[in-house]
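In what follows, chains carry the letters A, B, and so on, assigned in the order in which the sequence lines appear, proteins first and then strands, with residues in each chain numbered from 1. Quick caveat: nothing in here was measured; it's all calculated off a predicted structure.
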Amino acid sequence: MCGESCLTIQGMALNVTELLAGAVKTALHAAALPAPEAVAWEIPREAEHGDYATNVAMTLARPARRPPRQVAEAIVRHLPAVAAIERVEIAGPGFLNVFLAPRWCAEALREILLAGEGYGQSDLGRGRRYRIEFVSANPTGPLVIVNARAAAVGDALARILRSQGFQVACQYYVNDAGTQFQALASSMEVRLRQALGESAELPENAYPGEYLVDLAQDYLARDPAGARAALALPAGERLERLGRLAVDTMVAGQRRVLEEYGTAFDRWTYEATDVRAAGLPERAIDELRAAGFIYEAEGALWFRSTALGDDKDRVLRKSDGELTYFAVDIGFHHFGKFADVDCVIDLLGPDHHGYIPRLKAAMTALGHPEAAFDVLIVQLVTLLRDGQPVPMSKRRGEFVLMEELLEEVGRDAARFTFLTRRHDSPLEFDLAVATRQSADNPVFYVQYAHARVTSLFRTAAQQGVAVPPWREVDFGRLALPEEQTIIKGLLQYPELVAGAARAREPHRIAYYLSELAGIFHPYYKAHRILTEDRPLSLARLGLCAAVGQVLRSGLGLLGVSAPESM
RNA sequence: GCGCCCGUAGCUCAGUUGGAUAGAGCGUCAGACUUCGAAUCUGAAGGUCGGGGGUUCGAUUCCCUCCGGGCGCACCA
């Protein structure tokens, strides 16, 4: 009876649309009308249009060869008695507007409380294994502000998917090979020589950031003999040694900042050892060849990606014998990612969107279903301070570091702010606003609502109010319209999380939480929770507890803390 | 030139895969603390959803076109 995202506790379905859809399907069957695979429900803007509305009657009008309103009437006539439904109205061209029964809502609130932390979770994923790769900044410098955005999005997505019954592994890829590595190594050498007082100039493609100056000086201070010995090595070994040192230091720094941010990666994959030295690109090329997608031309090895929707064919091995970045990436994806998971999600920057078709083509050629590979673009961040852009010049090596961001606005405000936008739309991040601890900063608004709830329970305890188990409380006392609105809001939470998981859109959670806080604050302001009327007080305490519980759950999905006091 | 993303209130952005009279926060203006946390609350003003066509019962949403932004078009990574 129950669908995949239907949560049943104590025999009561808490997935409202699932419940309503079941009733409508029963009615359609009884009325001998064709039943669609899915009945779509929406939450109407206008309260007069009910709590849930569906347009099935309109969509069925054509196949049933009857006017929509007649179809609607037939559905209503055959609708089984369902406790959740108070009444159904037919409106407009044929909408079915459903009004939930207050008594059922009261019981639903009890179920929410009894479900506790499990409320909002589901088995949508049925244990399907996902791998998400994100941040994966080049090991040529510290993490910057866009990396913080990608970390927020990727980590929240992982948490959301896990809550829906997916197994999720987070992966970080270290590009410690190729030309960037060479540039880093030679920059490091120059900085080291400069630290020794030698005259050395940074080459054209070098990394100019101050951090390499610091790194060279630290190295020299820590291990002067080792530093001099490294410089005395032959060119190849010298660059390898210095480059490795720089990479290790950079990665360690990136890792530390990500940990402070609350982002945990299950696997750190190194291009040089885990992918190139392991021969993954060659093995992937062999598979592509066997599948007939490889040809040679002009001294190079080509992948026929145009056969799978790309604009042009792509080189995998250059005429100088070197593998391209693309070839390495194919090996990494096919073996390093897909080896032990069912689905892969990449988070990439906007400068890589042209890269997606060829990567998808390669995965398809290697036999991965289209739906198993997803690429999300995380757009750029513009940094403002009181509305004024903060200058960032990559050329001069001046960035706003992720570390500095965390220091200035804190982890919670940073994460929440990044998650109040769709990941693929550019974001303006105003440092002053994120630091301001007031209503124009949504994270404080939501956290404050949570703190108010916990504070309320502290006060109740001080007043000697004994809170019995929720199954003994009469929630039928919650008769105020605001109370019904809050319960209905809470009822939307499981489907909202499932939707965010399906669409890979963590920002939906952030918006939901703001809205929930936005109906809770006015209620709390206008009505006393702890009154002389003890049964009413307990019912209201339960409502507040449920709000707090859902806020805590949602904030947890975003990786933002739910403080007990602020 | 080709491809992708975007254009919604003064600002920053949502809009539930096509729904009913267009949404929030900030900002502006006018108000509310003897009571559970004023980091809060109440109210007002604010719109040709970039323009124009099309698809249909119905379009901010889908298609075409134009205008205006961003990005990508390597034997770079």
Pairwise N/O distances under 3.5 Å, protein to nucleotides 69-71 of chain B:
from: B:rC71; atom 1: O2'; to: A:P350; atom 2: O; distance (Å): 3.3
from: B:rC71; atom 1: O2; to: A:H353; atom 2: NE2; distance (Å): 3.4

So what does [X] hit on the nucleic acid, given a heavy-atom distance under 4.0 Å: a base, only sugar-phosphate, or nothing?
| X | value |
| --- | --- |
| A:E428 | sugar-phosphate |
| A:A91 | base |
| A:P68 | nothing |
| A:E298 | base |
| A:Y511 | sugar-phosphate |
| A:H423 | nothing |
| A:S425 | sugar-phosphate |

Just checking, A:R314 and A:F326: is the charged tip under 6.0 Å from the six-membered ring centre and within 45° of the axis?
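Not satisfied by the 6.0 Å and 45° rule.
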Please check if the distance between the ring centroids of A:Y524 and A:F520 is under 6.0 Å.
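Between A:F520 and A:Y524, which both carry aromatic rings, the centre distance is below 6.0 Å.
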Can you label the angle between the A:F475 ring and the A:W470 ring as parallel, tilted or perpendicular, going by 30° and 60°?
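Rings of A:F475 and A:W470: tilted, 30 to 60°.
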Whole-Å gap separating [atom2] ([N]) and [atom1] ([X]):
| X | N | atom1 | atom2 | result |
| --- | --- | --- | --- | --- |
| A:L427 | B:rC13 | CG | C1' | 10 Å |
| A:R528 | B:rG37 | CZ | P | 9 Å |
| A:L316 | B:rC75 | CG | C1' | 11 Å |
| A:E515 | B:rG15 | CD | P | 11 Å |
| A:K525 | B:rG43 | NZ | P | 14 Å |
| A:L456 | B:rC36 | CG | P | 11 Å |

When you measure from the side chain of A:I529, which nucleotide among B:rC36, B:rC57, B:rA77 comes out closest?
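Looking only at heavy atoms from C-beta outward on A:I529, the closest nucleotide is B:rC36.
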Nearest to the side chain of A:T179, which nucleotide is it out of B:rC57, B:rG37, B:rC76?
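Nearest nucleotide to the side chain: B:rC76.
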Base-pairing string, 5' to 3', of RNA chain B - Watson-Crick or wobble, under 3.5 Å, | interstrand:
(((((.(..((((.....[...)))).(((((.......))))).....(((((..]....)))))).)))))....
[X] side chain near [N] phosphate (N/O to OP1/OP2, under 4.0 Å):
| X | N | answer |
| --- | --- | --- |
| A:K312 | B:rG3 | no |
| A:Y445 | B:rC41 | yes |
| A:H507 | B:rG15 | yes |
| A:T420 | B:rA14 | no |
| A:K360 | B:rC4 | no |
| A:T459 | B:rC36 | no |
| A:Y524 | B:rG37 | yes |
| A:R540 | B:rC36 | no |

With a centroid cutoff of 5.5 Å and a plane-angle limit of 30°, would you call A:F95 stacked on B:rA20?
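A stacking contact exists, since A:F95 sits close and nearly parallel to the base ring of B:rA20.
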On RNA chain B, check which nucleotide each of A:R421 and A:H521 is closest to and give me the residue with the more 5' one.
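Final value for this comparison: A:R421.
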Charged N to carboxylate O below 4.0 Å: is that the case for [X] and [Y]?
| X | Y | value |
| --- | --- | --- |
| A:K337 | A:E133 | yes |
| A:R317 | A:E322 | no |
| A:R87 | A:E89 | yes |
| A:R477 | A:D533 | yes |
| A:D176 | A:R244 | yes |

Using the [atom1] atom in both, what is the distance from [N] to [M], to the nearest Å?
| N | M | atom1 | value |
| --- | --- | --- | --- |
| B:rC29 | B:rA22 | C1' | 23 Å |
| B:rG15 | B:rG23 | C1' | 7 Å |
| B:rG51 | B:rA74 | P | 35 Å |

Pick one for B:rC29: is it syn, with its angle within 90° of 0, or anti?
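That one's anti.
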B:rU17: syn or anti, per glycosidic angle within 90° of 0
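Here the answer is syn: the torsion falls within 90° of 0.
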Could you give the distance from CD (A:E408) to CG (A:L383), rounded to the nearest 0.5 Å?
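One finds 8.0 Å between CD of A:E408 and CG of A:L383.
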Kindly indicate whether the side chain of A:S319 and the base of B:rC75 share any N or O donor-acceptor pair separated by less than 3.5 Å?
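Side chain to base: pair found, below 3.5 Å.
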When you compare the protein's N or O atoms with those of nucleotides 58-60 of chain B, which come within less than 3.5 Å of each other, and at what distance?
none

